[in-house]
Amino acid sequence: MTIEKLKKAIAYGGANQSKVAEVIGISRGAFNTRLKQCRFSDDELNKIAKVLGAEYEENFVFPDGTKI
């Protein structure tokens, strides 16, 4: 997962970084730090996908077939 992909998926899914941080149980600051390092577990990426209305398959897969 790249930083660019994750940012693009968050924007496409209509969420913001604060909401995503809340879903995975960390502060916005901690999220930003981890985003810069692109350090998220598969479990966290699955939780992020769920809040975005997508599935995570090493990509975010949206209901309309868009993959990011």
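Residues Leu52 and Tyr12 have side chains not in contact (no heavy-atom distance under 4.5 Å, counting atoms from C-beta outward). Counting only heavy atoms from C-beta outward, the side chains of Lys47 and Val20 never approach each other to under 4.5 Å. Under the 4.5 Å side-chain criterion, counting only non-hydrogen atoms from C-beta, Ile3 is in contact with Leu35.
Across all their heavy atoms, Asn32 and Gln17 have their closest contact at OD1-OE1, 2.6 Å. Minimum heavy-atom separation, Gly13 to Phe62: CA-CE2, 3.8 Å. The minimum heavy-atom distance linking Ser27 with Ala21 is given by the pair O-CB, 3.7 Å. The two residues Lys67 and Val61 have their closest heavy-atom pair at CG-CG2, 4.0 Å. Val51 and Lys19 get closest at one heavy-atom pair: CG2-CE, 3.8 Å.
Annotation: Gln37, atom CD; neighbour count of heavy atoms from other residues, nucleotides and ligands within 6.0 Å is above 12.
In this structure a side-chain-to-backbone donor-acceptor pair under 3.5 Å is present from Arg34 to Arg39.
Between Asp43 and Ser41, the side chains place no donor N or O within less than 3.5 Å of an acceptor N or O (distance only, hydrogens not considered).
We find that Glu55 and Lys50 are not joined by a salt bridge, their nearest charged nitrogen and carboxylate oxygen being 4.0 Å or further apart.
Taking the six-membered ring for Trp, Phe31 and Phe40 have ring centres closer than 6.0 Å.
A distance of 11.0 Å separates CZ of Arg28 from OG1 of Thr33, quoted to the nearest 0.5 Å. Atoms CD1 and NZ, from Ile68 and Lys7 in turn, are 14.0 Å apart once rounded to the nearest 0.5 Å.
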